[in-house]
Amino acid sequence: GAGVSQSPSNKVTEKGKDVELRCDPISGHTALYWYRQSLGQGLEFLIYFQGNSAPDKSGLPSDRFSAERTGGSVSTLTIQRTQQEDSAVYLCASSPAGRSDEQFFGPGTRLTVL
Amino acid sequence: GQSLEQPSEVTAVEGAIVQINCTYQTSGFYGLSWYQQHDGGAPTFLSYNALDGLEETGRFSSFLSRSDSYGYLLLQELQMKDSASYFCAVRDQAAVNKLTFGGGTRVLVKP
């Protein structure tokens, strides 16, 4: 079946603008995760959804970052008033309930803030 | 909080064996996962160890020692396509649904 998809694949924006990143998880996967990866670095956890609720938002770096998930499926990560340090690849992953150790990742959105 | 340590880079020739070590510090522990990521690609799941011992999946094996807070990924019969970054990740009692990743080990396979 289809894997995790993300859009856009690339986004270039100017400092101070808002951006929205979208994630379509694998159908039936109740858990959804957002990560951020800077060049040559590991994955930085941002937020976790179980269904439509986000029990763990501990990784969001500031109040400029927010995320929502609707219908237990699609999720949107919004970054307001983007800064240059927000430039990174934003990865989304999903997993079946209770299978957090085996996550299926999307191709990511490469965000560049000029 | 959690922390994971793994070497930053390893170079080996085709056909060789590479061992990528991972040491971790967590408050409680559920298991150790390994992911592979090719340049420009998405991470893909390789293996998961919850109990001590060796898990073998084809050319790749993963080992865990809970008492030593240590694990490794063993890549055998290296192929050029194995050139990638490899990440260990842990889940612990403080955040049971969250994976914390190490910084990654870049493996370069030479002819």
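Every chain is numbered from 1 and lettered A, B, ... according to where its sequence line falls, protein lines coming before strand lines.
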Exercise. Would you mind checking which part of A:Ser95 comes under 4.5 Å of any heavy atom in chain B, side chain (CB onward), backbone (N, CA, C, O), both or neither?
Key: neither
Quiz item: Can B:Tyr48 be reached from B:Phe29 by stepping across I, L, V, M, F, W or Y side chains whose heavy atoms are under 4.5 Å apart?
Solution: no
Quiz item: For chain B, which residues of residues 64-94 of chain A have at least one non-hydrogen atom nearer than 4.5 Å to it?
Solution: A:Leu91
Practice problem: Count the heavy-atom pairs under 4.5 Å between each of B:Pro43, B:Gly103, B:Ala42, B:Gly104 and chain A, then report the option with the highest count. | Solution: B:Pro43
Practice problem: With a 4.5 Å heavy-atom cut-off (strictly below), which parts of residues 101-114 of chain A touch chain B? List them by number. | Solution: A:Asp101, A:Glu102, A:Gln103, A:Phe105, A:Gly106, A:Pro107
Quiz item: With hydrophobic residues grouped by side-chain heavy-atom distances under 4.5 Å, do A:Leu46 and B:Phe101 end up in a single group?
Solution: no
Practice problem: Tabulate, in ascending numerical order, the residues of residues 9-22 of chain B having at least one heavy atom closer than 4.5 Å to a heavy atom of chain A, or enter 'none'. | Solution: none
Exercise. Is it possible for you to say whether B:Leu4 and B:Trp34 belong to one hydrophobic cluster, with membership spreading through side-chain heavy-atom contacts below 4.5 Å?
Key: yes
Quiz item: Can A:Phe49 be reached from A:Tyr35 by stepping across I, L, V, M, F, W or Y side chains whose heavy atoms are under 4.5 Å apart?
Solution: no
Quiz item: What residues of residues 72-91 of chain B sit under 4.5 Å from chain A when you count only heavy atoms?
Solution: B:Phe87, B:Arg91
Practice problem: Below 4.5 Å from any heavy atom of chain B, which atoms of A:Gln37 appear? Answer side chain, backbone, both or neither. | Solution: side chain
Quiz prompt | Nearest non-hydrogen partners of A:Phe45 and B:Leu99, listed with the distance | solution = CB-O, 4.4 Å
